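Just below is one structure, and these are the notes that go with it.
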Amino acid sequence: MNAKEYQYRQVEEKWQQKWEDAGVFRADDKSGKPKFYALVEFPYPSGAGMHVGHIKAYSGLEVVSRVRRMQGYNVLFPIGFDAYGLPTENYAIKTNTHPRVVTDRNIERFTAQLKRVGFSFDWDRVVDTTEEDYYKWTQWIFLKMFEKGLAFRDQALVNYCPSCKVVLSNEDSQNGKCDICHSDIVQKSKDVWYLRITEYADKLLEGLEQVDYLPNVKQQQVNWIGRSTGAFVNFSLKEVDETLRIYTTRPDTLFGVTFMVIAPEHPLLETYQDRIANYADVLAYKAECAKKSEFERTQLVKDKTGVCIQGLTAINPVNGKEIPIYISDYVMMGYGTGAIMAVPAHDERDYDFAKKFGIDIIPVIKGGDLNEGAYTGDGEMINSDFLNGLTNKKDSIEKMIGELSARGIGEKGVQYKMKDWAFNRQRYWGEPIPIVHCEHCGMVAVPYEELPLRLPKVEHFEPGTDGESPLAKLPEFVNCACPKCGKPARRETDTMPQWAGSSWYFLRYIDPHNPAAFADRDKLNYWMPVDWYNGGMEHVTRHLIYSRFWHKFLYDLGEVPVAEPYAKRTAQGLILGPDGEKMSKSKGNVIDPLDVVDEFGADVLRTYVLFMGDYEKAAPWSENGVKGCKRFLDRVINLLDTVQDGETFSPALEGAFHRTIRKVSEDIESMKFNTALAALMTLLNQITDGGSINRAEYTTLLKLLSPFAPHLAEELWSQMGEQGMICTAAWPTYDADKCIEASVEIAVQINGKIRARVQIPSDATAEQAIAAAKADGKIAEQLVGMTVIKEFYATGKLVNLVIKPAQ
RNA sequence: GCGGGUAUGGCGGAAUUGGCAGACGCGCCAGACUUAGGAUCUGGUAUCUUCCGAUGUGCAGGUUCGACCCCUGUUACCCGCACCA
């Protein structure tokens, strides 16, 4: 067939229909085959439709899944929709359309688009996080957490987005900006729901040792959890009966403390306001800090500000010295105890502060120049009583902690940067939190048998100006009977954040229609863990942490069979615009994948996104690159008419085929799709150069190409009169012996410089290779009057002769 | 500031992990077929060159018979975290 006659789109639609009719991508829950669970991050069905980023994100495991099926695995490769979330709700508000309507429309569109690309998803297992049958279990897991004390309410300072009018978690407000609208976050004291993820900090950390994640994915999670070890120390106050508790990683520097600093929000201030002589100044400073945005606070890092509290003095527990207490915003209420002991000699921030306020600087570790700055290195302990003379940091820390514990003034402590997960949102389009507030019983869980607690239909989805959820305006929803005492009570009106539904979706895929459990135990045992999970780097400190946490909780409950949900995690790089910039509507450099499908076909699109560069790295889109892939596929089509009889590889191409089978198979395993395709192009060039191809060779080429360009492979396979579908055919295997060529060309170097190339049998010994090298005319010429000092032979690669003039 | 990464032709990127740098694709040049070519096919394409060769993987050194690869220093860019005590 001529490539000009080949109609990409018609052919693609035909095979998509045939795959669906035959159900070839349906996963089997009972199978004698080995299982393979491939997971990709399910999309948020935005109104904008599918992005080329989705194509790249899904194409990687799409290829792996297709290969695995051909290798005889029972493959689960599911897809679904993470459909709760603010963009849909905002769109609904703007257009006055119900989010349900918008969501259904978007899911329908996404589904059609995904199908047009020919992904081999199991469409019978689609989950939608906003469906009652699904969020029933999201609520169920929440209630289990509530039961175990992992879901709780607390009055605390939270990240608040004034524009979206919602409380955000730390993960959702990185860099002090709202994740959704990018406005500046403000800190607000609020009574909010938390999930106690910090309880799982160590488990999340330790679990990383058992899984095969990309190193940078692991590292980012380690940093995000931010475990630090140190000690808590209790300082008593001189004027009142109160202890000021601090956290430090360097308890060994306790003798160098010359002042204390507490956060502006520290409760001590309010408690003892009568005692504080300059309370007006303190209040003024607090007000000043509250005004600063997160941005200003980080920009003014070097410039320390603060106020000395008059009327309260701390006592150093090890030497009884009186120490002044300051408030400053360089100490955060959210980390440690919100109070620190300041050791200006050995901490840069404390040093800056001491210099500015003229506070003493007492060295306790030898080294450095304290006129220049703080000394943060190691050294011998001085001015430190029982620690004097110790030179090892670990020893001195241990000795100090021992002393503190013995005297009951402190103990070993661990802190995490990760904070508990602020979980409720004052918005409509999310899972209702199934809790009832009762005057008599407090917070009461909605009984499990009443789940799902349905999200009521409303007319208006706008959040209240007072920061209340739209659900608060519905008396028929709010007013209820307390499940415990039966007296009138009020429902919780906040909803769960977007990340709730996605924290366990990979479990629902295993048994998506089960009405009695989130998934059947036998099926969980069979399919879990996810063998390979691919997604974006942007989810490493959000979804990936959250879902590991939920899964570990379910594991501790005995509800899932494995401790870690994902055995392997990889991440794809971004596709940049043709200008090399990140794609964005404002830059006008967005490529619509469906346009590419229309113009070139899905096979070309799929092949190009995998060929364009290293899968894990960002790469710019290139229209010409797309055409190059089209040309490659066209050449494969054109070969069809030239195929001759032959049930085995011809001698001329046998080695090339075996090597290509090996290369393509191996490269797909390590996600080096670009070089796998390059190997196929090289093979095609060899075939073209050789001038002929037979049936065995052509069908093998089609099989190797089929994971990348499945429609084209199916079509040509059927035109060849082959039986069945190529997606169910056996993946080609190679024979290692046949990969070796009879003879190889090796380079001959003299003193490390290449002087000649010679052809030798590939099984030649070192002696034979060196002899062949010396026999070469050019080499022999240069050896005249020289002594060979050393000879090297790198097998099958090169010979190096080290020579010098003869005496 | 801390952590992680990257740097190779005009461009995207290869290089079996210490052994022939530039696979494969794009682009470009030349030719063929064409009324035509932005279709297709064929050949060429790192730089310099006195055509012998010389140089070349951000920069400066080092180890080695041999370095894109290992070591030391340095510069630039990207990503993540960031006054975390």
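All values reported here derive from a predicted model rather than from experimental measurement. Below, chains carry the letters A, B, ... as their sequence lines are ordered, and counting in each starts from 1.
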Can you check nucleotides 10-19 of chain B for protein contacts, nitrogen or oxygen pairs under 3.5 Å, and list what you find?
from: B:G12; atom 1: O2'; to: A:M612; atom 2: O; distance (Å): 2.5
from: B:G13; atom 1: OP1; to: A:A618; atom 2: O; distance (Å): 3.4
from: B:G13; atom 1: O3'; to: A:N674; atom 2: ND2; distance (Å): 3.4
from: B:A14; atom 1: OP1; to: A:N674; atom 2: ND2; distance (Å): 3.3
from: B:A15; atom 1: OP1; to: A:K672; atom 2: NZ; distance (Å): 3.1
from: B:U16; atom 1: O2; to: A:K797; atom 2: NZ; distance (Å): 3.2
from: B:U16; atom 1: N3; to: A:K797; atom 2: NZ; distance (Å): 2.3
from: B:U16; atom 1: O4; to: A:K797; atom 2: NZ; distance (Å): 3.1

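Aromatic ring centres of A:Y326 and A:F357 lie closer together than 6.0 Å.
When the C1' atom is used for both B:G25 and B:A32, the distance is 23 Å, rounded to whole Å. With P as the reference atom, B:U75 and B:C29 are 41 Å apart, rounded to whole Å.
Applying a 4.0 Å cut-off to non-hydrogen atoms, the residues of residues 622-631 of chain A that approach RNA chain B are A:N624, A:G628, A:R631, listed by residue number.
Judged by distance alone, the side chains of A:Y6 and A:D634 never bring a donor and an acceptor atom under 3.5 Å apart. At a cut-off of 3.5 Å, with distance as the only test, no side-chain donor of A:Y416 or A:S228 sits close to an acceptor on the other residue. Using modelled atom types, one finds a donor on one side chain and an acceptor on the other under 3.5 Å when comparing A:E41 with A:H539. The closest side-chain donor-acceptor pair between A:T541 and A:Q220, if any, does not fall under 3.5 angstrom.
Residue contacts shown for A:N685 are limited to sugar-phosphate atoms, with no base heavy atom under 4.0 Å away. Contacts of A:K790 with the nucleic acid, taken as non-hydrogen atoms under 4.0 Å apart, involve only primed sugar atoms and P, OP1 or OP2. At a threshold of 4.0 angstrom between heavy atoms, the contacts of A:Q415 with the nucleic acid are absent. Contacts of A:R227 with the nucleic acid, taken as non-hydrogen atoms under 4.0 Å apart, are absent.
Distance, A:Y351 OH to B:A85 C1': 18 Å, rounded to whole Å. Atom-to-atom, CD of A:E581 to P of B:C78 comes out at 10 Å; the value is rounded to the nearest Å. Regarding A:K218, its NZ atom lies at a distance of 25 Å from the P atom of B:C79, rounded to whole Å.
Nucleotide B:A30 is matched to B:U42 when pairs are restricted to Watson-Crick or G-U wobble geometry with both distances under 3.5 angstrom. Using the Watson-Crick or G-U wobble rule with both distances under 3.5 Å, B:G80 pairs with B:C2. Remark: B:G73 base-pairs with B:C59; criterion is Watson-Crick or G-U wobble with both hydrogen-bond distances under 3.5 Å. Taking a pair to require two hydrogen-bonding distances under 3.5 Å in either a Watson-Crick or a G-U wobble arrangement, B:C11 pairs with B:G25. Pair assignment for B:G19: B:C65, on the basis of Watson-Crick or G-U wobble contacts that are both within less than 3.5 Å.
Residue A:R755 places at least one side-chain N or O closer than 4.0 Å to OP1 or OP2 of B:A54. Contact annotation: A:Y247 side-chain N/O to B:A85 OP1/OP2 distance is not under 4.0 Å.
In this structure B:G56 sits in the anti conformation; its chi angle is more than 90° from 0. Base orientation at B:U17 is syn, since its O4'-C1' glycosidic dihedral falls within 90° of 0.
Seen from the ring of A:Y330, A:K304 counts as a face-on cation partner, given the 6.0 Å and 45° thresholds.
For the pair A:R659 and A:E741, the salt-bridge criterion is met [side-chain N within less than 4.0 Å of a carboxylate O]. Salt bridge A:D202/A:R227: present, at least one basic N to carboxylate O contact under 4.0 Å. The residues A:K778 and A:D776 are annotated as not salt-bridged, no charged nitrogen and carboxylate oxygen being separated by less than 4.0 angstrom.
Note on ring orientation: taking the six-membered ring where Trp is involved, the planes of A:F259 and A:F353 are parallel (angle under 30°, cut-offs 30° and 60°).
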